[in-house]
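Shown next, in structure tokens, is the structure this report addresses.
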Amino acid sequence: PRLPQEMTPALPSAERVVLVVYQDVSALKEAETLKDQFISLATHELRTPLTIVAGYADRLLIRAARGKEHGLDEWQREKVQEMKQASWQLASLTEDLLDVTRMQAGQFALERRSTDLVDLTRKVIQRLQATTDKHQLDVQAAPPQLWATVDTFRIEQVLSNLLSNAIKYSPGGGPIEVMLEEHAETHEARFRIRDQGMGIPRAQQAHLFGRFVRAENARAAGIRGTGLGLYLCRELIERHGGHIDFESEEGVGSTFFFSLPCHEPAPR
Ligand code: ADP
């Protein structure tokens, strides 16, 4: 039945519309806290046993390499090698989770000291070159030395993450270029790591530095990862007062670059 004219509800004017949305966030907050507590506990409790397993696997291999009386046969050596690799992988995931938890709890501190970035870069490259013979790691450092006050261990971690990504996401092999130069006007050290690997699909580029974010093509290719490395890289670089970003084209390759404030160049 039609309503009489005076009973037709009038449309409210914009001023009169008040939308009240109640949402109970206490359950969400509790879940967040529980998750953080779980990560923190799990990481602390995992750390010690993992270091023991990884350490003993290491020692077994070293002793086996030394002499016959501690010898391992081919099969045993291969299995201990696999144990060592798996436990170091878990240990490093644990360390990453622990870093994330510390950062979020405001309990993360850098330990800075004066460091030659050229020397640091060469060392990291040498270490990673030893892990692959499919990739050629090439360094081009403009200055012979480049001093900055940084947390050496953390900058090694950033470089090592970016380089191992360049290796991991170039499954067919290929050259990987590392460039390091000094930008005199801004007193910055600028790093660039270029690979010719699988690249990053455009759709995932905007969120790549987020926690646990992984690109579709990396998953589809069955390459394992956690999506924590780049999150930590950005946190670490920004905590040093630097900046990190990348350019990439799927199927062509990626270039990651970051800057760090460095000391004023010594007068020549
Ligand atoms: P992980 O490698 O453990 O997954 P990262 O946080 O280091 O985590 O990287 C996040 C994602 O970014 C990777 O899963 C991958 O999809 C993509 N990615 C990072 N570096 C490269 C690269 N050099 N080439 C192609 N994709 C990359």
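Only a predicted model underlies this, so the values are computations on that prediction, with no experimental measurement involved. Counting convention: from 1, in listed order, for ligands and their atoms alike.
Residues D119 and R122 are not paired through a salt bridge, judged by the lack of any N-O separation under 4.0 Å between the basic side chain and the carboxylate. Here K84 pairs with D58 in a salt bridge; the nearest charged N to carboxylate O distance falls below 4.0 Å. In summary, R77 and D73 do not engage in a salt bridge, as defined by a charged side-chain N under 4.0 Å from a carboxylate O.
Of the options D195, I167, N165, the smallest heavy-atom separation from atom 19 (C) of ligand 1 is shown by N165.
If you look at I200 next to ligand 1, the close heavy atoms, those under 4.0 Å, all belong to the side chain.
Among protein heavy atoms, atom 3 (O) of ligand 1 sits closest to T226 N, 2.8 Å. Summary of contacts: the protein heavy atom closest to atom 4 (O) of ligand 1 is R214 NE, 2.7 Å. Of the protein's non-hydrogen atoms, the one nearest atom 13 (C) of ligand 1 is Y169 OH, 3.3 Å. For atom 11 (C) of ligand 1, the nearest non-hydrogen atom of the protein is V213 O, 3.7 Å.
Between the side chain of Q129 and the backbone N or O of H135 there is at least one donor-acceptor pair closer than 3.5 Å. Remark: side-chain polar atoms of H240 are not paired, donor with acceptor, to backbone N or O of E235 under 3.5 angstrom.
Under the 4.5 Å side-chain criterion, counting only non-hydrogen atoms from C-beta, R239 is not in contact with R154. The closest side-chain heavy-atom distance from F257 to I244 is not below 4.5 Å.
The atoms of ligand 1 that sit less than 4.0 Å from any heavy atom of L208 are 12 (O). Proximity to A215 (heavy-atom distance under 4.0 Å) selects the following atoms of ligand 1: 16 (O). Within ligand 1, the atoms closer than 4.0 Å to a non-hydrogen atom of L228 are 6 (O), 8 (O), numbered from 1 in the order shown. In summary, the atoms of ligand 1 found under 4.0 Å from a heavy atom of S254, numbered by their order in the structure, are 22 (C), 24 (N), 25 (C). Less than 4.0 angstrom separates some heavy atom of L230 from each of these atoms of ligand 1: 5 (P), 6 (O), 7 (O), 9 (O), 10 (C), 12 (O), 19 (C). Every atom of ligand 1 is numbered from 1 in the order shown, and the set under 4.0 Å from a heavy atom of G225 is 1 (P), 3 (O), 4 (O).
Residue M198 has no nitrogen or oxygen atom sitting less than 3.5 Å from a nitrogen or oxygen atom of ligand 1, judged on distance alone. At under 3.5 Å, a nitrogen or oxygen of G229, whether backbone or side chain, sits near a nitrogen or oxygen of ligand 1. Distances between N or O atoms of G227 and those of ligand 1 include at least one value under 3.5 Å. Considering both main-chain and side-chain atoms, K168 comes within under 3.5 Å of ligand 1 through a nitrogen or oxygen pair.
Between G197 and ligand 1 there is no heavy-atom distance shorter than 4.0 Å. Using a 4.0 Å cutoff on heavy atoms, F246 does not count as a contact of ligand 1.
Put simply, OG1 on T121 and CG on L180 are 5.0 Å apart, with the number rounded to the nearest 0.5 Å. With values rounded to the nearest 0.5 angstrom, E95 atom CD is found 9.5 Å from L50 atom CG.
Judged purely by distance below 3.5 Å, without hydrogens or angles, the side chains of T152 and T115 pair a donor atom with an acceptor atom.
In this structure, F258 has its ring center under 6.0 Å from that of F191.
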